[in-house]
Novice: 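Can you keep this structure in mind? I'll have questions shortly.
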Amino acid sequence: MQSHPPRIPARRLAIALALAYASLPSWAQSSEKSLAEVTVLGTAEETLKQASGVSVIGAQDIEKHPPANDLSEIIRTMPGVNLTGNSTSGQRGNNRQIDLRGMGPENTLILVDGKPVSSRNAVRYGWRGERDSRGDSNWVPAQQVERIEVIRGPAAARYGSGAAGGVVNIVTKKATKETHGQLTVYANAPEHAEEGATRRMNFSLSGPLAENFSYRLYGNANETGADGTYINAGHQAPGFATTLPAGREGVRNRDLGAQLSWNLLPGHTLDLDLNYGRQGNIYTGDTQNINSNSNVETLRGQETNALARRAYALTHKGKFDFGTSLSYVQRSETDNTRIQEGLAGGTEGIFLAGTPAYLSNQLEDVTAHSELNLPLRGRFNQMLTVGAEWSGQKLKDPSSNTQATTFGTIPGVSSTGRSPDASAHTVSVFAEDNVELSPNLLLTPGIRYDNHTQSGANWSPALNLTYLLGEKITLKGGIARAYKTPNLYQSNPNYLLYSSGNGCVAVSNGTTGCYLQGNPDLKAETSDNKELGIEFKDGGFAAGVTWFRNDYRDKVQAGTTPVGIITTTTAVTRSLYQWTNIPEAVVQGLEGNLRVPVNTALDWVTNVTYLIESRNKTTGDYLSVIPEYTINSMLDWRVSDTLGALFSVTLYGKQEAMKLDYKGKPVTGTSADALAPYAIASLSGNYSLSKHLKLGAGVNNIFDKRQFRAGNAVSVSSTAVYGTSGGAGAATYNEPGRTLYVSLTSTF
């Protein structure tokens with residue numbers, strides 16, 4: 001495999017290495033010191049979680065305004081967070097996932113208890129970057145969450161591939177030494193009958209098994225109904241006048257989780273985690289190009305795809321005289337079972353004719369991670385972290401490599417019997433140091449080296465700083481390189497997509513139709529992430545503003561320049577494209593937060609995100625279709641010891657449509673239509689009926705501000721207008737209307 005040399009400025013790398021090396025002489029002096037003398041200084045990870053671009057959602061926050069099902073519903077209320085489709089094309093537009101700082105869902109790394117979750121990688125990756133996936137934010141029931149850490153900017157780079165936008169770490173409740181249990185039931189009732197309702201129930205049980213053993217067990221059953229067939233009728237863009245854009249799919253969740261915790265020695269714990277989750281859809285008629293056939297119509301309301309995930313993890317945490325350690329090994333298996341879909345042109349993503357035939361993709365993920373935290377005494381008080389990691393993925397997809405090369409033979413690629421297997425692994429080492437240069441100045445340098453079997457070597461230096469300007473004002477800044485390796489579809493030469501013409505970029509050689517082929521020589525995507533923030537705190541009052549900028553390089557997308565010409569047996573020529581790396585792009589913006597304690601019982605909390613720019617530097621087009629600004633404002637009222645209320649408003653700014661279609665031509669007509677600003681207001685509360693029984697209730701979207709899906713971003717109904725006049729612009733998703741909910745939680 002091709003290995004690519006490091007591409008970072010030598011001066012920046014030298015600075016990062018020198019700062020890490022500066023701590024080494026102090027090790028000899030500190031080896032005889034006790035750990036207690038220096039634990040006042042936290043690890044680099046702990047310090048980075050105090051960076052400006054980090055937000056934390058606690059269990060109480062979730063209790064005040066619980067999501068109907070998916071945790072993304074509450075994560076979206078944090079600064080820098082939006083929900084977007086996986087692609088700017090608007091295909092699969094209602095599969096909205098977490099998008100951090102406009103970098104797209106594929107650059108959001110999801111962790112559960114610090115361990116990666118990537119089941120969405122079992123879902124086929126489309127020509128424009130589409131996946132028929134809801135993402136990975138719905139594997140943990142809301143009631144089992146201790147907190148959610150939303151880590152943006154330079155602080156996220158330490159987590160490796162996939163964190164260029166940021167990290168969402170879902171931390172679950174742990175096994176306890178006393179017996180506790182919980183049972184929660186939840187139901188909501190949309191005002192509009194054509195919107196899907198939710199019913200769910202979950203339980204947890206935790207306690208001791210023996211003197212040094214404890215356990216935790218939870219289960220969850222949820223059903224969120226599908227939107228009605230005609231929910232978007234009358235709202236279609238002109239290019240979709242003869243089709244009907246589908247609403248939101250329903251989902252049935254089944255989750256089981258168990259943890260066994262063993263205090264094997266003083267200061268040492270060993271946790272065994274076993275988790276199973278299944279997410280099955282309730283089909284609404286959605287297809288990739290919003291086409292239809294008899295199969296599509298007859299399968300409405302049925303389960304056409306399901307993801308089943310099994311995860312096994314063993315984690316050791318230790319305290320030694322010389323420091324602390326964290327080590328874990330995790331294996332996860334995902335089965336993606338779905339009805340076979342077409343892979344060519346207008347039939348891409350649509351069910352094949354005839355009796356539905358289900359096939360399963362199998363994805364295996366293995367991660368082994370170990371790190372040491374070493375307190376050091378010398379001229380500066382320090383906490384050095386060193387570690388190593390091995391991660392690997394194997395994908396077996398028997399359906400996506402079945403497309404024959406009957407439209408022309410590609411050299412080196414068989415027309416039948418191509419291997420369904422793809423795999424890659426990464427070996428990583430990292431070091432970071434938390435250095436107390438003075439009582440007011442904390443410096444956190446770091447460096448990470450990753451070597452991927454296909455995209456080669458990558459260096460990720462980082463430097464973060466915290467400076468106390470006084471007792472109330474703190475200045476925080478950082479710069480780090482984040483990266484993302486190509487996925488197993490983009491790098492697999494056996495994965496082919498075909499278009500008979502409309503899907504191809506126009507070329508001058510007279511070709512008709514084209515292939516898109518995986519490319520094993522892709523480079524990793526990289527992003528130089530910077531942020532600078534200032535915070536003011538005085539008692540309960542807090543205010544801050546953060547500027548961020550991500551300079552994005554080598555983004556992987558479908559190529560626009562043919563890498564070859566194929567001649568068929570009938571002398572017709574086809575173009576061959578590959579996935580390729582594009583030049584530079586940039587995202588920058590501002591995040592602000594304000595907390596005002598109105599009185600002892602009432603807090604006003606607001607955060608603001610403003611996007612200054614998001615553009616491909618070559619074409620000038622946007623990277624994501626997200627609001628120009630987002631404002632989340634909440635009034636948290638503790639009415640009494642037993643009653644609490646929360647009023648929240650979210651204002652979404654104007655959402656611009658993409659400027660260009662995939663052929664690079666300016667979009668016109670409705671394809672250029674923006675989505676006007678709109679606001680969603682909600683009211684929720686909870687009341688303790690007794691010590692062990694709590695009632696929750698609320699109204700989401702009080703003023704019934706709905707959004708309707710008008711189609712995909714561009715029209716696919718006619719070759720003459722493709723991408724230029726009949727598309728939906730930015731109106732590619734549904735926002736549900738007014739909905740009442742009630743929940744009841746019993747604890748002991």
Side-chain angles (χ1 to χ4, degrees), residues 56-71 73-74 112-113 138-148 170-189 198-224 252-263 269-278 311 313 315 317 601 636-646 684-698 740-748:
V56 178
I57 303 168
Q60 290 185 342
D61 299 314
I62 298 174
E63 184 181 82
K64 292 173 184 176
H65 192 188
N69 184 22
D70 197 314
L71 290 172
E73 298 172 37
I74 191 167
V112 173
D113 293 327
N138 195 20
W139 293 112
V140 178
Q143 279 70 30
Q144 303 310 314
V145 175
E146 180 67 32
R147 68 183 184 277
I148 302 172
I170 302 166
V171 181
T172 63
K173 297 177 180 178
K174 306 305 179 188
T176 59
K177 296 181 180 179
E178 296 181 352
T179 299
H180 294 282
Q182 175 179 291
L183 176 67
T184 298
V185 292
Y186 173 100
N188 69 17
T198 295
R199 305 288 184 270
R200 63 175 161 86
M201 179 176 68
N202 57 70
F203 75 90
S204 66
L205 192 62
S206 180
L209 286 174
E211 182 178 357
N212 294 318
F213 289 89
S214 56
Y215 75 95
R216 180 211 61 195
L217 180 69
Y218 72 78
N220 174 67
N222 173 91
E223 179 168 325
T224 297
R252 296 185 180 94
N253 295 74
R254 301 293 183 268
D255 301 286
L256 284 172
Q259 182 182 83
L260 179 64
S261 184
W262 178 22
N263 293 321
T269 61
L270 194 64
D271 293 337
L272 174 65
D273 288 276
L274 306 173
N275 295 285
Y276 171 80
R278 186 184 189 278
T315 305
K317 294 181 179 179
D636 187 358
W637 184 20
R638 298 170 295 282
V639 183
S640 68
D641 291 340
T642 58
L643 177 63
L646 182 73
S684 60
N686 53 71
Y687 178 68
S688 296
L689 299 170
S690 68
K691 181 179 179 181
H692 300 293
L693 193 63
K694 181 172 288 188
L695 175 69
L740 308 178
Y741 82 85
V742 63
S743 66
L744 191 65
T745 298
S746 175
T747 60
F748 67 87

Novice: Under a 4.5 Å cut-off applied to non-hydrogen side-chain atoms, are P67 and D70 in contact?
Specialist: no
Novice: For T269 and K174: C-alpha separation, side-chain torsions, deciding distance, then whether side-chain contact (heavy atoms from CB on, under 4.5 Å) applies.
Specialist: CA-CA 12 Å; T269 61; K174 306 305 179 188; over 6 Å; no
Novice: Which value, rounded to the nearest 0.5 Å, describes the distance between Y218 atom OH and N275 atom CG?
Specialist: 4.5 Å
Novice: Measuring from atom CG of L272 to atom CG of L274, what distance do you get when rounded to the nearest 0.5 angstrom?
Specialist: 4.5 Å
Novice: Thinking salt bridges, do D273 and R216 make one under a 4.0 Å N-O criterion?
Specialist: yes
Novice: Are D636 and Q60 packed together at the side-chain level, in the sense that at least one heavy-atom pair is separated by less than 4.5 angstrom?
Specialist: no
Novice: Could you give the distance from CZ (R147) to NZ (K173), rounded to the nearest 0.5 Å?
Specialist: 13.0 Å
Novice: Considering non-hydrogen atoms only, spot the tightest contact between G277 and D255 and give its length.
Specialist: CA-OD1, 3.6 Å
Novice: Tell me whether K317 at atom NZ has more than 12 heavy atoms from other residues, nucleotides or ligands lying less than 6.0 Å away.
Specialist: no
Novice: Return yes if a side-chain donor-acceptor contact under 3.5 Å exists between T315 and D271, otherwise no.
Specialist: no
Novice: Which value, rounded to the nearest 0.5 Å, describes the distance between L71 atom CG and Q144 atom CD?
Specialist: 11.0 Å
Novice: What pairs of donor and acceptor atoms, side-chain ones from residues 740-748 against any protein atom, are under 3.5 angstrom apart with sequence neighbours left out?
Specialist:
| unit_1 | atom_1 | unit_2 | atom_2 | d |
| --- | --- | --- | --- | --- |
| T745 | OG1 | T184 | OG1 | 3.1 |

Novice: Restricting to non-hydrogen atoms, name the atom on R200 and the atom on P66 that form the minimum distance, rounded to 0.1 Å.
Specialist: NH2-CB, 4.1 Å
Novice: Under 3.5 Å, side-chain donor or acceptor atoms of residues 202-209 against the rest of the protein: list the pairs with distances, not counting sequence neighbours.
Specialist:
| unit_1 | atom_1 | unit_2 | atom_2 | d |
| --- | --- | --- | --- | --- |
| N202 | ND2 | Q143 | OE1 | 2.8 |
| S206 | OG | T176 | N | 2.8 |
| S206 | OG | T176 | OG1 | 2.8 |
| S206 | OG | Y215 | O | 3.0 |

Novice: Where do R199 and N188 land on the side-chain contact (heavy atoms from CB on, under 4.5 Å) test, with the steps shown first?
Specialist: CA-CA 7 Å; R199 305 288 184 270; N188 69 17; 4.3 Å; yes
Novice: In this structure, which one of N69, N220, T224 forms a side-chain hydrogen bond (donor to acceptor under 3.5 Å, both in side chains) with N253?
Specialist: N69
Novice: Measure across I62 and I74 and return the closest heavy-atom pair with its distance rounded to 0.1 Å.
Specialist: CA-CD1, 3.8 Å
Novice: Got a salt bridge between E223 and R252, using NZ or NE/NH1/NH2 to carboxylate O under 4.0 Å?
Specialist: yes
Novice: Any sub-3.5 Å donor-acceptor pair from N222's side-chain atoms to T198's backbone N or O?
Specialist: no
Novice: With heavy-atom distances below 4.5 Å as the criterion, would you say the side chains of M201 and L183 are in contact?
Specialist: yes
Novice: From W262 CH2 over to N212 CG, what is the distance, rounded to the nearest 0.5 angstrom?
Specialist: 8.5 Å
Novice: Can you tell me how far the CG atom of L256 sits from the CZ atom of R278, to the nearest 0.5 Å?
Specialist: 13.0 Å
